[in-house]
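For reference, positions follow the sequence shown, starting with 1.
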Amino acid sequence: MFDTDVLIVGAGPVGSAAAVEVARRGVRCRIIEARSDPPQYAKAVGIQPRTLELFEAMGILREVLDAGILLHGQIVYINGAEVDRMHLTLPPEVPFGFLGLPQYETERILRRHMESLGTRVERGVRLAGFTQDADGVDAVLAGPEGEHTVRARYLVGCDGAHSTVRKTLGLTFEGAAFAEQYMLGDVELDWSQPHGYTVRSMHQTNGVTDDGLVCVPLPGHHRYRVSMQVPPELETDASVGGDKVEHGLGTGPEPALADIQAVLDRLAPEPTTASHMRWSSVFRISHRIVDSYSRGRVFVAGDAAHIHPPTGAQGMNTGIQDAHNLAWKLALAVAEVAAPSLLASYDAERRPIGEEVVGRTVRNAREGIGAGESDPERVVLREAQLLIDYHDSPIVTESPTGAPSPRAGSRAPDAIGLTRDGVTSPFRLFSLLAGPDHTLLWYVDNTCDTTALADIERHTGLLRRLTDDHLDAYLLVGQGATVDPTILPVVRDSDGDFARRYQCVAGAAYIVRPDGYLGCAASPATADDLIRHFESTFAPAPESVLGTA
């Protein structure tokens, strides 16, 4: 009946991440891309700490770190004088920092990993249209050999700001465009600015900014992605990409090195010469968001769903989180073990995030990141995308016995100093959470007697049946505690870091979703708490299974 389970339209970083995430769960996937060759421009250049956590779970962290450059912070100049120096300092429990990496490198790494999982990008193939029914989607694909129809269970539109998928669905894309146009360039600068710092230099008249320059460091010797307002002679038509969405790279003349040098001569905080330009373009900015992230069996993600100023490198990272959120839900739906409402939670969870990002980046573009805020640590954590919370999601449940910290819906914190038999050195909690399924963490101490341990083993067996075995489970044993032999994998909280990070008591249980967020937090937990949570995610279980509780 179906040519593929999931058809992904668009092979940029968002589409590629979606393909990796469904393919590593055994889902048949096809991914098409209208462009014949991979792009070689550095449109998105920042990788957030949260995205690095996702890349670790995907299995591409080493390649990303090898190719990137650590971003230390931002230096702000006004009228040639330094007025602020922000350091991107994160709490010690956050495992990764901020990374600078050109978008084409991110795509290359994702593409190679996708190919290792058996999925290749079909280039020069565009989506001509589609229809859907209750069981699947019929997509008309146009390529070098003409048109043909593919039937898929689900279709995911990762086809950018000018998305064919979004338009065909009839979704609204409300917002507005910035009047200003900008030019981007990938160049080398021979100045003495500190390594790894973004440089933001502005000219102000009577306190009002009337000219600006932003230079983001890239891997290489003195290499930067620079952005600035374009001179009038390089301005392009308002429409970009053949429609009314005024967002993206222009199709007019590319800025020359002399155009970039002229702005550097005006605004650079010290004399500098630009050289070795690898790429340049004019860029327009809009801020828009769809009225829904899905309709039926068709979904949109990334720029197809939300566009906004590039301030704080939020766009690509938000899109990758869209893909990560959607992929595990699609995999359960394809396996026919998902609750009927599971896929609807994609819009319920991700659209509020998109709305917040659009509003915040517009404010930041006009006022600066963190302007008017009194808590710089929270600003950095938010920009790192570590404060995303799905507490109001229909598939997040919290124990009625109390709301522990961290609460259900928040990112599951990492913990260090864990030990287990067969491993000769301490390891991090995140290494247990890299699998494609849900993870159940039971926390016990010396009060866990033989009866309590038998109950935990029995409840774990029940939950594995409820989830059709899409569940990894661990017994987290408190610092200094001992427990009787058990059939469950035992991990020891040897440094007490897990107990500190999770503020848990004996008998606490945490369900970590495949995307690294807490689906359920109960301290202490009951079997009913955990069953109730999984009933919101997985298809109803037979009475024979529930009867064994």
Are Glu383 and Arg360 within salt-bridge range, i.e. N to O under 4.0 Å? yes
Might you point out which heavy atoms bring Ala67 and Pro219 nearest each other, and give the distance in Å? O-CG, 3.1 Å
Could you go through Thr51 and Asn317, starting from their C-alpha distance and side-chain angles, then the distance that decides it, and tell me whether this counts as side-chain hydrogen bond (donor to acceptor under 3.5 Å, both in side chains)? CA-CA 6 Å; Thr51 304; Asn317 292 272; 2.6 Å; yes
Sub-3.5 Å donor-acceptor pair from the side chain of Ser163 to the main-chain atoms of Asp159, do we have one? no
Heavy-atom closest pair, residues Lys43 and Arg225: O-NH1, 2.7 Å
Do we get Arg153 above Phe2's six-membered ring, with its NZ or CZ under 6.0 Å from the centre and within 45° of the axis? yes
Give a yes or no on whether the backbone of Arg288 and the side-chain of Ser286 come within a donor-acceptor separation of less than 3.5 Å. no
Six-ring centre of Tyr154, Arg297 cation under 6.0 angstrom, axis tolerance 45°: yes
Name all residues meeting the side-chain contact (heavy atoms from CB on, under 4.5 Å) criterion together with Arg111; count only those two or more places apart in sequence or in a different chain, and write none if there are none. Pro38, Glu107, Arg108, Glu115, Val121, Arg123
Can you find a heavy atom in the side chain of Thr119 that is under 4.5 Å from one in the side chain of Arg28? no
What one should report as the nearest heavy-atom pair of Val396 and Gly409 is CG1-N, 3.6 Å
Going by heavy atoms in the side chains, are Val165 and Leu127 under 4.5 Å from each other? yes
With side-chain hydrogen bond (donor to acceptor under 3.5 Å, both in side chains) as the test, would you mind laying out the steps for Thr172 and Asp291 before giving the verdict? CA-CA 6 Å; Thr172 63; Asp291 57 325; 3.2 Å; yes
Is the distance from the ring center of His324 to that of Phe55 below 6.0 Å? no
Looking only at heavy atoms, which two atoms of Arg35 and Pro39 are closest? And how far apart? NH1-CG, 3.4 Å
Chi angles and distances behind the side-chain hydrogen bond (donor to acceptor under 3.5 Å, both in side chains) call for Asp303, His162: CA-CA 8 Å; Asp303 284 0; His162 312 288; over 6 Å; no
Please report the shortest heavy-atom distance between Asp322 and Tyr346, naming the atom on each side. O-CE1, 3.5 Å
Arg407 with Asp389: basic N within carboxylate O range, under 4.0 Å: yes
4.5 Å side-chain heavy-atom contact, Pro413 and Pro406: yes
Is the shortest side-chain heavy-atom distance between Ser425 and Thr419 below 4.5 Å? no
Pair Arg350, Tyr390: side-chain N/O donor-acceptor within cut-off below 3.5 Å: yes
Parallel, tilted or perpendicular: which fits the ring planes of Tyr502 and Tyr510, with parallel below 30° and perpendicular above 60°? perpendicular
Between Leu184 and Trp279, does the side-chain contact (heavy atoms from CB on, under 4.5 Å) criterion hold? Intermediate values first, please. CA-CA 8 Å; Leu184 307 178; Trp279 165 83; 3.8 Å; yes
Please test Ile395 against Lys329 for side-chain contact (heavy atoms from CB on, under 4.5 Å), starting from the C-alpha separation and ending with a verdict. CA-CA 11 Å; Ile395 63 167; Lys329 298 171 182 177; 4.0 Å; yes
Do Asp528 and Arg532 sit within salt-bridge range, that is, some charged N less than 4.0 Å from a carboxylate O? no
Taking the side chain as every heavy atom from C-beta outward, state whether Phe299 and Tyr293 have any atom pair closer than 4.5 Å. no
Please step through salt bridge (Lys or Arg N to Asp or Glu O under 4.0 Å) for the pair Arg501 and Glu93, ending with a clear verdict. CA-CA 9 Å; Arg501 301 292 175 212; Glu93 64 269 19; 3.6 Å; yes
Looking at Phe173, does the NZ or CZ of Arg166 lie under 6.0 angstrom from its six-membered ring centre and within 45 degrees of the ring axis? yes
Taking only Lys NZ, Arg NE, NH1 and NH2, and the carboxylate oxygens of Asp or Glu, determine whether Asp3 and Arg151 approach each other closer than 4.0 Å. no
Any side-chain heavy atom of Asp515 sitting closer than 4.5 Å to one from Trp328? yes
Who are the side-chain contact (heavy atoms from CB on, under 4.5 Å) partners of Thr149, not counting sequence neighbours? Asp138, Val140
For the residue pair Val490 and Asp421, establish whether any side-chain heavy-atom pair is separated by less than 4.5 Å. no
4.5 Å side-chain heavy-atom contact, Leu476 and Val444: no
Got a donor-acceptor contact below 3.5 angstrom from the Asp529 side chain to the Thr526 backbone? yes
I'd like to know whether Tyr517 forms a side-chain contact (heavy atoms from CB on, under 4.5 Å) with Ile388, so could you lay out the CA-CA distance, the side-chain angles of the two residues, the decisive distance to 0.1 Å, and finally the verdict. CA-CA 9 Å; Tyr517 290 87; Ile388 291 171; 3.7 Å; yes
What's the shortest heavy-atom distance between Gln48 and Gly312, and which atoms? NE2-O, 2.8 Å
